[in-house]
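One structure is given here, and the rest of the page talks about it.
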Amino acid sequence: MSNTNFTPRVFSGIQPSGDLHLGNYLGAIQGFVRMQAQDIQTVYCMVDMHAITVWQDPADLRHSTRELAAGFIASGISPEKSILINQSQVPEHAQLAWVFNCVARMGWMGRMTQWKDKAGKNAEAASLGLFAYPALMAADILVYHATHVPVGEDQKQHLELTRDIAAKFNHDYGVDFFPITEPVIEGAATRVMSLRDGSKKMSKSDPSDASRINMTDDADTIAKKIRKAKTDPDALPSEAAGLEGRPEARNLVNIYAALNEQSVDAVLAEVGGQQFGTFKPKLAELAVAKMSPISSEMARLMADPAEIDRILAKGAEQAREITAPILKRTYEIIGMVG
């Protein structure tokens with residue numbers, strides 16, 4: 001089954017879980033901005049309904065959702081060029097998710113490795129939402145007839161499930177209605193590691209704030225964290241193979257390459273042979289140049305939450321022009337009336 005009948009459209013979402021950091025920017029948001037520049041419609045979403053699969057403090061969730069929207073906009077996602085939405089404001093996501101709960105099979109959901117990892121031995125105590133959320137993710141994508149979804153490796157299995165749900169729905173009802181969405185795994189997605197330990201992923205849950213560069217950090221804080229980042233005593237190698245067994249060195253070179261949109265080899269061709277005393281100030285200067293305008297713009301936007309809410313309300317209206325007819329047609333295919 002081909003996607004030639006469908007308008008090319010990209011959908012992707014991020015959970016508003018608070019404390020956006022450099023890993024979120026380089027791993028996802030920078031790629032979203034690049035995709036927006038192509039001649040294809042882009043829909044970017046704060047998936048607050050996924051966030052509540054585990055309990056959230058209501059005030060924190062509200063703040064984190066607005067902060068994620070501010071992070072998107074400050075990074076270059078333009079509400080004029082992309083549809084920017086808060087998932088819960090577009091009711092068709094939840095309505096199609098119920099249909100997909102009835103299409104997906106228990107066995108499919110039980111095989112999801114993220115479910116096994118997150119629920120662990122205490123699966124009986126996990127929420128039904130946590131078990132069923134891949135069906136909501138499929139609805140997020142297919143309610144737009146999205147043909148392409150940028151995903152990290154950790155979400156690839158859920159995208160395969162989305163394709164299975166689309167194929168089963170199409171087969172069960174004898175239609176070619178939902179596209180078989182293609183994953184977009186852009187090159188080696190930058191895996192940003194902790195500045196204190198190059199073997200651990202940069203994470204908001206690390207107790208040390210020095211382990212990460214937050215998207216809200218100002219220029220001085222960014223420079224200071226890079227200066228204090230853990231390194232080793234050796235000079236930088238002139239090719240990537242020389243970074244083997246040097247996790248901290250590899251992490252800082254990867255960050256430099258991603259911020260400068262260069263390959264690791266291109267960076268090492270320039271800085272090979274330098275000590276960290278020379279390289280770190282260069283990295284600090286680059287990180288400040290790229291990230292501090294984002295943090296100041298985020299601060300400006302967060303000072304005016306009504307403006308963020310206005311942008312998201314406008315995005316929801318645009319989104320519903322796409323989602324309402326798709327849901328209506330889904331109901332007609334199934335035989336639901338109204």
Side-chain angles (χ1 to χ4, degrees), residues 19-34 37 71 74-77 152-153 185-300:
D19 302 322
L20 286 168
H21 54 71
L22 186 67
N24 304 119
Y25 176 74
L26 293 176
I29 299 172
Q30 187 174 247
F32 293 177
V33 176
R34 274 198 297 268
S75 301
I77 291 173
E153 283 293 327
I185 297 168
E186 286 193 307
T190 308
R191 202 172 147 78
V192 182
M193 311 307 270
S194 159
L195 298 178
R196 312 300 300 152
D197 175 355
S199 66
K200 283 190 188 149
K201 219 172 152 183
M202 187 176 282
S203 161
K204 71 183 177 80
S205 55
D206 191 308
S208 165
D209 189 60
S211 69
R212 61 188 164 268
I213 290 171
N214 302 303
M215 283 177 66
T216 49
D217 285 344
D218 62 22
D220 289 347
T221 310
I222 294 168
K224 190 168 148 197
K225 284 179 177 176
I226 296 217
R227 278 201 307 274
K228 292 191 163 175
K230 187 178 173 193
T231 51
D232 59 39
D234 299 332
L236 284 161
S238 44
E239 66 268 329
L243 293 169
E244 277 301 309
R246 298 178 64 186
E248 283 78 24
R250 169 183 286 154
N251 187 36
L252 294 186
V253 170
N254 278 348
I255 291 172
Y256 189 98
L259 284 171
N260 219 23
E261 302 197 29
Q262 280 180 292
S263 70
V264 166
D265 285 321
V267 174
L268 292 174
E270 285 171 34
V271 302
Q274 290 182 7
Q275 295 291 340
F276 282 102
T278 311
F279 178 65
K280 274 184 170 181
K282 282 185 184 161
L283 176 56
E285 193 182 329
L286 175 62
V288 165
K290 286 274 180 163
M291 301 308 295
S292 73
I294 294 176
S295 68
S296 359
E297 179 60 3
M298 281 179 75
R300 187 191 71 75

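These numbers come from the heavy atoms of this one structure, side chains and all, not from hydrogens, waters or symmetry mates.
- Between Asn251 and Arg191, the shortest heavy-atom contact is OD1-O, 4.4 Å.
- In this structure, Val271 and Phe279 approach most closely via the heavy-atom pair CG1-CD1, 4.0 Å.
- Sorted by first and then second residue, the salt bridge (Lys or Arg N to Asp or Glu O under 4.0 Å) pairs involving residues 210-220 (not counting sequence neighbours) are Asp209-Arg212, Asp217-Lys225.
- Pairs of residues two or more places apart, or lying in two chains, never qualify as salt bridge (Lys or Arg N to Asp or Glu O under 4.0 Å) while including a residue from residues 277-296.
- Proximity of a side-chain donor or acceptor of Asp206 to a complementary backbone N or O of Ser211 within less than 3.5 Å is not detected.
- Leu26 approaches Leu259 most closely through the heavy-atom pair CD2-CD2, 4.0 Å.
- Listed by first and then second residue, the salt bridge (Lys or Arg N to Asp or Glu O under 4.0 Å) pairs that reach into residues 257-266 are Arg34-Glu261, sequence neighbours excluded.
- Scanning for salt bridge (charged side-chain N to carboxylate O under 4.0 Å, His left out) contacts around Arg246 gives Asp232, with sequence neighbours left out.
- Side-chain contact between Ile29 and Met215 is present, with at least one heavy-atom pair separated by less than 4.5 Å.
- Taking a cutoff of 4.0 Å between a charged side-chain nitrogen and a carboxylate oxygen, Glu248 and Arg196 do not qualify as a salt bridge.
- Shown here for Ala240 and Val264, the closest heavy-atom pair between the two residues is CB-CG1, 4.1 Å.
- Contact between Ser75 and Gly71 at its shortest, heavy atoms only, is OG-O, 2.7 Å.
- Counted by atom type alone, Ser199 and Asp197 present one or more donor-acceptor pairs between their side chains at under 3.5 Å.
- Among residues two or more places apart in sequence or in another chain, the side chain to side chain contact (heavy atoms under 4.5 Å, CB included) test is passed with Arg300 by Glu297.
- Residues Leu252 and Leu195 form a side-chain contact, since some pair of their non-hydrogen atoms from C-beta on lies under 4.5 Å apart.
- With sequence neighbours excluded, no residue forms a side chain to side chain contact (heavy atoms under 4.5 Å, CB included) with Ala289.
- Among all heavy-atom pairs drawn from Ala284 and Ala223, the shortest one is CB-CA, 4.1 Å.
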